[in-house]
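Below is one structure, written out as structure tokens; comments come after it.
The structure displayed is predicted, hence computed values, not measured ones.
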Amino acid sequence: MINQYGFIVKAENYDDNTDSATLNTSGFSTQVVGVSSDEEAIVAARKMIEEGIQVIELCGGFGEESAQYVSRSLDTDVPIGYVTFHDNEQFKLDKMLSRQQDS
């Protein structure tokens, strides 16, 4: 049973040493860490793994290439996934980002 989950968010200006939170309930713990680079994600994930995290997910901001790089760099049995959007939701995200760039 999974009871220790890690989530890594990637965005500009996050610092893996200070931008983190842990959510605990009876029987389940979630550790969230903000990073600004793939290298910081690797460091944060290693720390999570050392602390007993059983599953790690990377936010969609990593993209497939960065997510694979992070996963390969860790060489661990801990499963590492990353968030993606279904086609319709990706369309909405792309549309929103396009509007922001035009502003």
- Message: I need the minimum non-hydrogen distance between T22 and S29, along with the two atoms involved.
- Response: CG2-OG, 3.7 Å
- Pairs in or reaching into residues 51-68: which pass salt bridge (charged side-chain N to carboxylate O under 4.0 Å, His left out), with residues at least two apart or in two chains? none
- Under the side chain to side chain contact (heavy atoms under 4.5 Å, CB included) test, which residues partner F91, sequence neighbours left out? K95
- Treat each ILVMFWY residue as a node, draw an edge where side-chain heavy atoms are under 4.5 Å apart, and state whether V83 and L93 are in one component. no
- Message: For H86, is there any backbone N or O sitting under 3.5 Å from a side-chain donor or acceptor partner on Q90?
- Response: no
- Nearest-0.5 Å distance, OH of residue Y14 to CG of residue D19: 6.5 Å
- Tell me who clusters with V43, hydrophobic residues only, linked when side chains sit under 4.5 Å apart either directly or through other members. none
- Item | Pairs meeting criterion salt bridge (charged side-chain N to carboxylate O under 4.0 Å, His left out) with involvement of residues 1-12, two or more places apart | K10-D38
- Task: Hydrophobic side-chain clustering at under 4.5 Å (ILVMFWY, transitive links): who's grouped with Y69? Put none if nobody.
- Result: I8, V33, V35, I42, M48, I49, I53, I56, L58, F62, V70, L74, V78, I80, Y82
- Message: List the residues meeting side chain to side chain contact (heavy atoms under 4.5 Å, CB included) with N88, not counting sequence neighbours, and say none if there are none.
- Response: K92
- Item | Distance in Å, D77 CG paired with Q54 CD, rounded so as to fall on 0.5 Å steps | 13.0 Å
